[in-house]
There are 2 protein chains.
Amino acid sequence: MSITAARAIEALRAEGRRITTARRTIIELLGATHDHLTADHIATAVQQAHPEIHVSTVYRTLESLDEWGLVEHVHRGQGAAFFHLAASHPHMVCEECGRVIDVPGDEFEALVARVRDVYGFDIDVAHNALMGRCLVHQPRGHSLA
Amino acid sequence: MSITAARAIEALRAEGRRITTARRTIIELLGATHDHLTADHIATAVQQAHPEIHVSTVYRTLESLDEWGLVEHVHRGQGAAFFHLAASHPHMVCEECGRVIDVPGDEFEALVARVRDVYGFDIDVAHNALMGRCLVHQPRGHSLA
DNA sequence: GCCCAGATACGAACACTTCGCATCTGCGAA
DNA sequence: TTCGCAGATGCGAAGTGTTCGTATCTGGGC
């Protein structure tokens with residue numbers, strides 16, 4: 001089990017929440033991958049080990065873990081949201097190929113600070129993905145060369 | 001009719017596309033408001049004047065107008081996307097009250113340029129809304145005072 | 001006015017997510 | 001160890017936002 005997954009489970013225990021099969025399995029799955037998984041992917045993977053775990057349980061579990069700050073979800077444009085263990089960094093999703101790129105949050109610090117000052121709005125950069133085009137899908141094949 | 005709506009209809013004509021009741025009504029509606037309307041809102045409003053116009057027509061019309069660059073849609077987190085006449089600026093949506101704030105695109109220029117240089121990713125800042133909290137919904141009532 | 005590619009009405013289907021409710025279970029107390 | 005019960009789950013149905021198939025209709029060029 002990854003260190004982060006172990007920590008998440010420890011956090012559950014520390015707050016007096018139940019460690020159930022669904023919760024443990026989902027957390028371990030998220031801890032074991034760096035992929036960006038949708039609830040449905042997670043349900044499918046979880047059901048390989050525990051076929052009795054229902055999709056709605058996966059949704060509810062993810063919602064709870066999200067609320068408790070142990071996992072986060074990111075909304076893509078139209079498709080399903082994807083989930084990962086709490087890490088709070090922005091994501092960029094290519095509109096052409098769906099590729100997800102992680103960005104360190106500090107790239108956004110200046111913008112977030114300015115928007116807070118000027119517009120009185122506190123941006124949560126990690127909640128919605130930024131859509132756009134990755135380098136192989138830019139108009140007229142623009143490259144870095 | 002607003003100037004922008006008139007322009008959009010002119011653009012349709014110039015490209016040899018048909019000016020139908022659905023298209024004209026939707027464009028005029030979008031031109032007459034600064035609100036951020038979902039497809040469903042648009043359908044409801046359109047149907048007050050033309051009850052025969054079907055929701056699916058509204059969706060298809062919006063999709064076409066979007067494709068032709070006359071309107072744009074913005075994805076909120078979980079709820080429905082909202083539409084407006086082409087303007088291409090980012091939006092910020094309060095997670096608490098759903099309020100939508102428009103931001104001039106140039107606030108993002110530095111970030112977009114840097115991300116393009118460093119990550120080879122071309123962000124489309126207008127496609128997904130930025131989620132967060134407006135000033136009345138910030139944690140611990142933080143204000144600008 | 002006639003014609004037909006393109007647009008529409010209608011409803012069914014779809015993908016993703018939430019809900020209600022009966023049953024079950026983790027875990028603290030006895 | 002067993003007991004009790006708040007909280008978690010299984011299951012299916014419903015909800016929401018959107019897309020699709022198909023028969024019919026219509027804008028606008030002739």
Side-chain angles (χ1 to χ4, degrees), chain A residues 9-27 36-47 49-68 70-83 93 98 127-129, chain B residues 9-27 36-47 49-68 70-83 93 98 127-129:
Chain A
I9 289 179
E10 207 38 58
L12 277 186
R13 204 186 312 274
E15 291 174 39
R17 315 221 183 258
R18 291 198 198 155
I19 318 289
T20 65
T21 310
R23 292 180 182 174
R24 190 155 17 79
T25 313
I26 289 173
I27 289 174
H36 297 84
L37 303 173
T38 66
D40 218 59
H41 287 150
I42 295 172
T44 305
V46 161
Q47 283 169 355
H50 300 280
E52 79 280 7
I53 294 180
H54 198 270
V55 197
S56 71
T57 301
V58 172
Y59 273 97
R60 272 191 282 228
T61 301
L62 288 169
E63 187 188 7
S64 301
L65 296 175
D66 195 324
E67 189 179 332
W68 303 330
L70 301 178
V71 315
E72 287 164 1
H73 67 280
V74 180
H75 293 284
R76 224 178 298 236
Q78 38 271 63
F82 56 78
F83 293 79
V93 177
H127 193 171
N128 268 14
Chain B
I9 290 180
E10 206 40 57
L12 277 186
R13 205 186 312 272
E15 290 174 40
R17 315 223 183 257
R18 293 198 196 155
I19 318 290
T20 65
T21 310
R23 291 181 182 174
R24 189 154 18 80
T25 313
I26 289 173
I27 289 174
H36 297 83
L37 303 173
T38 65
D40 217 59
H41 287 148
I42 294 172
T44 305
V46 160
Q47 282 168 356
H50 301 280
E52 77 280 6
I53 294 180
H54 198 270
V55 196
S56 70
T57 300
V58 171
Y59 272 97
R60 270 193 276 231
T61 301
L62 288 169
E63 188 188 6
S64 301
L65 295 175
D66 195 324
E67 188 179 331
W68 303 330
L70 301 178
V71 315
E72 286 165 0
H73 68 279
V74 180
H75 293 284
R76 223 178 299 235
Q78 39 270 63
F82 56 79
F83 293 80
V93 177
H127 194 171
N128 266 14

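This is a predicted model, so every value here is computed, not measured. Protein chains get the first letters and strands the later ones, always in sequence-line order, with residue 1 at the start of each.
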In numerical order, the residues of residues 74-83 of chain A whose heavy atoms come under 4.0 Å of DNA chain D are none
Non-hydrogen atoms of [X] and [Y] that approach each other most closely:
| X | Y | answer |
| --- | --- | --- |
| V74(B) | A129(B) | CG1-N, 3.5 Å |
| G77(A) | N128(B) | CA-OD1, 3.6 Å |
| L12(B) | L65(B) | CD2-CD2, 4.2 Å |
| G98(A) | V93(A) | O-CG1, 3.9 Å |
| I26(A) | V58(A) | CD1-CA, 4.0 Å |

Roughly how far, to the nearest 0.5 Å, is the [atom2] atom of [Y] from the [atom1] atom of [X]?
| X | Y | atom1 | atom2 | value |
| --- | --- | --- | --- | --- |
| T61(A) | D66(A) | OG1 | CG | 12.0 Å |
| T25(B) | H50(B) | OG1 | NE2 | 3.5 Å |
| L37(B) | I42(B) | CG | CD1 | 5.0 Å |
| E15(A) | W68(A) | CD | CH2 | 8.0 Å |
| F82(A) | H75(A) | CZ | NE2 | 10.0 Å |
| L70(B) | I27(B) | CG | CD1 | 6.0 Å |

The ring-ring contact (aromatic ring centres under 6.0 Å, His included) partners of H54(A) (sequence neighbours excluded) come to none
query: So, the side chain of Q47(B) versus the backbone of I53(B): is there a donor-acceptor pair under 3.5 Å, distance only?
result: yes
Check: R18(A) main-chain N/O paired with R23(A) side-chain donor or acceptor under 3.5 Å
yes
Contact span of DNA chain C against chain B, any nucleotide atom under 4.0 Å from a heavy atom, 5' to 3', runs dA5(C) to dG11(C)
On DNA chain D, more 5' by nearest nucleotide between Y59(B) and I19(B) is Y59(B)
Under a 4.0 Å heavy-atom criterion, the protein footprint on nucleotides 7-13 of chain D, written with B, S and -, is BSSBBB-
Computed from five pairs at either end and rounded to 10 degrees, the angle between the axes of the helix from dG1(C)-dC30(D) to dA30(C)-dT1(D) is 20°
Exercise for review: May I have the step-by-step check of side-chain hydrogen bond (donor to acceptor under 3.5 Å, both in side chains) for H41(B) and T38(B), ending in yes or no?
Suggested key: CA-CA 5 Å; H41(B) 287 148; T38(B) 65; 3.2 Å; yes
The correct set of residues in residues 37-46 of chain B placing a heavy atom under 4.0 Å from DNA chain C is none
